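Before any comments, here is the structure.
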Amino acid sequence: MTQISWNDFEQVDLRVGTVVRAEAFPEAKKPAIKLWIDFGELGVKASSAQITTVYSPEPLVGRQVLAVVNFPPKRIGPFVSEVLVTGFDRGDGTIVLVGPDFLVPDGARLI
């Protein structure tokens with residue numbers, strides 16, 4: 001495992017946001033869901049997440065998720081993903097989203 005400095009970690013801007021809209025993304029090469037996430041003062045940002053194995057769009061609305069908000073936007077087919085939603089691999093390629101156990105303000109930074 002490569003070690004990083006505290007300064008390296010501080011450069012990754014991880015914020016919590018609430019999913020305000022979610023829909024299937026059939027145009028993606030790999031099955032995905034398009035998410036629109038409210039990050040408070042940062043506004044609503046879009047993300048494409050390959051999480052269709054355990055999630056469907058509708059139940060994701062209202063859920064808080066943790067995302068990297070300072071990567072450059074990435075075009076995925078006709079869609080531009082502005083943030084990277086975080087998750088854990090169960091070991092079989094299935095991704096489980098990361099989010100707080102209790103409600104926190106949208107836009108709160110992971111510290």
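Just so we're clear, the structure is a prediction, and the values are computed from it rather than from any experiment.
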Tell me the closest heavy-atom pair linking [X] and [Y], and the distance in Å.
X     : Y      : result
Ala24 : Pro57  : N-CG, 3.6 Å
Ala46 : Phe79  : CB-CZ, 3.5 Å
Val16 : Pro100 : CG2-CD, 3.7 Å
Trp36 : Ala22  : CE3-N, 4.4 Å
Glu27 : Lys34  : OE1-NZ, 4.3 Å

With heavy-atom distances below 4.5 Å as the criterion, would you say the side chains of [X] and [Y] are in contact?
X     : Y      : result
Val85 : Ile37  : yes
Gln64 : Asp106 : yes
Arg15 : Glu41  : no
Pro78 : Phe25  : yes

Are [Y] and [X] connected in a single hydrophobic cluster, I mean Ile/Leu/Val/Met/Phe/Trp/Tyr linked by side-chain heavy atoms less than 4.5 Å apart?
X      : Y     : answer
Phe71  : Leu66 : yes
Leu110 : Val12 : yes
Leu14  : Val98 : yes
Leu97  : Val83 : yes
Val96  : Leu60 : yes

Checklist entry - For Arg21 and Val44, what are the C-alpha separation, side-chain angles and deciding distance, and is it a side chain to side chain contact (heavy atoms under 4.5 Å, CB included)? => result CA-CA 10 Å; Arg21 182 174 155 203; Val44 175; over 6 Å; no
Drop me the distance from [X]'s [atom1] to [Y]'s [atom2], to the nearest 0.5 angstrom.
X     : Y     : atom1 : atom2 : value
Ser56 : Ile33 : OG    : CD1   : 6.5 Å
Gln50 : Lys29 : CD    : NZ    : 11.5 Å
Ile95 : Thr53 : CD1   : OG1   : 8.0 Å
Leu42 : Asp13 : CG    : CG    : 7.0 Å
Tyr55 : Arg63 : OH    : CZ    : 4.0 Å
Ser48 : Arg75 : OG    : CZ    : 12.5 Å

Next on the checklist: Test side-chain hydrogen bond (donor to acceptor under 3.5 Å, both in side chains) on Gln11 and Asn70; report intermediate values, then the result.
Outcome noted: CA-CA 9 Å; Gln11 291 181 48; Asn70 64 333; over 6 Å; no
Item to check | Whether Glu82 side chain and Pro73 backbone form a donor-acceptor pair below 3.5 Å | outcome: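 Side chain of Glu82 to backbone of Pro73: no pair is present.
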Next on the checklist: For Asp92 and Thr94: C-alpha separation, side-chain torsions, deciding distance, then whether side-chain hydrogen bond (donor to acceptor under 3.5 Å, both in side chains) applies.
Outcome noted: CA-CA 6 Å; Asp92 62 359; Thr94 300; 2.9 Å; yes
